[in-house]
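These figures come from a predicted structure and were not determined experimentally.
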Amino acid sequence: MVTVSTIQNVQSNNAVSSGSLPVAVKVSSAQSFKAGKKQDTENHSLSYYKNDIHEDELVKKNTLAKRIGINIEKTLDIPLIHFPRGLGGAPDYTFFEFLQTAKFPYYIGGPILAALFYAGVKKDNFRSAGAAQKVAKHMALGVGLYYVGAALAKSIINNTVKLSRGVDLKQPYAKYISKSSHKSGFFTKDVEFHTAFESADFTRVDLLYNKKGRTPEEINENYIEYGKKYGIKEDANNIDSTIKPLIKKTIVMARAWQYALTAFFVTLGVGMANQPAWDKTSSEGFKKTITEGIFGKGVKAKDRLHNAKVAVYDYMLKPFGKSFTEFWKGHSKGSSIAGKSVILATAAATLTAIGLLLTQTSAKGHKLETTGNNNIKEVQK
C-alpha cells in the first residue's frame, strides 16, 4: 500500500528525545516496554505550582480535587486579573488571557437570561405570577441542562480517550511566568494553568519526558505506557516519535467530537427542560429543603443527610427521569417524533464517537517503520 504519512521528529521547546541520545545508550523497543520503577512520586499541592516552580511542569497526581481547585482559580482570575490587565493595556497580555476573558459571557450569560424572566414576575397578580414563574423555571432548567449537556459530552469523550489510549485531555500543567518580565503595574501573575493536550497545535509533548531519567526507557516511560495503550508491538526504536502523531490524531478527533456531541446533548437537555414533569416540583420547597433542611441551624446530622437525599432524588433525579420519558413519548404526534428523533440521534452520535475513537486512533491497523534520521513512516497494512 501507499505511504500514509511521514512524520519528522521535530521537538519543540528543545525537548529530550530518545532519537537524540548517543547510540551506545539506545535500547530496543522490547527493552523499552519493560519500563523501570517510576522515581518521581511527589504529590505537590497547588501552592507549589503557584510559588515554587521555575519552569513549566505537569501537575502531579491529577486528582479531581486538584482540577476543581485549578478551575476555581482560573475562573476567579478572569475578573480579578485578566480583565484588569486587559483594560489597563498590559503590554505582556497573552493570547491565553484573551481566551479566558472570552469565557466570561458564557459563564454569566445563561444565569442572567434566566434571572431576567424571574425579574418580570408580578407579585401583585397571582395568576400572572404563576404563569411567569413557570416560564422562568423552564428557562432556568434549560440553562442548567445546557451546561450539564456540554459537560456530559466532554466527559464521555475524555473518559473514552483516557481509558482506551491513556491520554488524559484534562491533564493540567503549570506554565511558569517570570515576574520580572511583567510591566503591567499592580496586576502581575506568576503562573498560568493550561492543559498539556489543549489542541493539536499546542500540545506540550516535551513535558511528557521524564527529565530525571538516566536511560532511554526511563526518559520515555510515559511514551512507553502510551505505546501499550495504542497497541504498538513493532520494534520502534524511537517510541516517542511513533506515539506523537497518534496523540495528535487522537486530540483532533476528540476535540471535534466534543463539540459535535455537545450540540446533541444540549438539544436533548433543552427538550427535557420543557417537559411538565418539572412543574410538579416546588421551587420554594427545594429552596427550603436546602436552606433550612440541610444548612439550617440546629439540624441534626442524620436529618441533614436525609434532606440532602430528598433534594437530590425528589427534586432532581425523579423529575429528570420523568422528563426524559415525557420527551420520548411526547404530547402530540409531532412532539413524539421530535423527542424520539433527538434521543435516538444523541445515542447514535455517542456510539459513533466512541466507536471511531477506539478504531481510528489505534495503531493495530498500521505498520510503523523506522526509516532512519528519526523519521517514522506509517504504512497501511
- request: Could you verify whether a donor N or O on one side chain and an acceptor N or O on the other, from Glu57 and Tyr176, lie under 3.5 Å apart?
  value: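 There is no such pair (donor and acceptor under 3.5 Å, judged by atom type) between the side chains of Glu57 and Tyr176.
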- prompt: Any ion pair linking Glu292 and Lys297 (charged N to carboxylate O, less than 4.0 Å)?
  reply: no
- prompt: Does the distance from a Lys or Arg side-chain N to an Asp or Glu carboxylate O, for Lys329 and Glu326, drop under 4.0 Å?
  reply: no
Ignoring hydrogens, what is the shortest heavy-atom contact between [X] and [Y]? Give both atom names and the distance.
X      : Y      : value
Pro245 : Ser241 : CD-O, 3.1 Å
Gly142 : Val270 : O-CG2, 4.3 Å
Leu207 : Leu58  : O-CD1, 3.3 Å
Tyr230 : Leu246 : OH-O, 3.6 Å
Ile224 : Glu217 : CD1-O, 3.6 Å

message: Suppose we screen for ring pair (Phe, Tyr, Trp, His ring centres under 6.0 Å). Which residues come up paired with Tyr315, at least two apart in sequence or across chains?
response: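 If we apply the ring pair (Phe, Tyr, Trp, His ring centres under 6.0 Å) test to Tyr315, skipping adjacent residues, the hits are Phe286.
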Nearest 0.5 Å please: distance from the [atom1] atom of [X] over to the [atom2] atom of [Y].
X      : Y      : atom1 : atom2 : value
Leu208 : Ile243 : CG    : CD1   : 10.5 Å
Ile294 : His306 : CD1   : NE2   : 10.5 Å
Ile219 : Arg214 : CD1   : CZ    : 11.0 Å
Asp77  : His82  : CG    : NE2   : 4.5 Å

message: Treating Thr325 as the side-chain partner and Gly321 as the backbone partner, does any N or O pair qualify as donor plus acceptor under 3.5 Å?
response: yes
query: Among Arg85, Lys175, Lys103, whose salt bridge (charged side-chain N to carboxylate O under 4.0 Å, His left out) with Glu97 holds?
result: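 It is Arg85; the other options fail the test.
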Kindly confirm or rule out a cation-pi arrangement of [X] over [Y], judged by NZ or CZ under 6.0 Å from the six-membered ring centre and within 45° of its axis?
X      : Y      : value
Arg165 : Tyr226 : no
Arg204 : Tyr173 : yes
Lys340 : Trp328 : yes

task: Check step by step if side chain to side chain contact (heavy atoms under 4.5 Å, CB included) holds for Lys248 and Phe197.
output: CA-CA 9 Å; Lys248 181 175 181 178; Phe197 305 102; over 6 Å; no
- request: List, by chain and number, the other hydrophobic cluster members for Tyr93, where Ile, Leu, Val, Met, Phe, Trp and Tyr join if side-chain heavy atoms come within less than 4.5 Å, directly or indirectly.
  value: Phe95, Phe98, Leu99
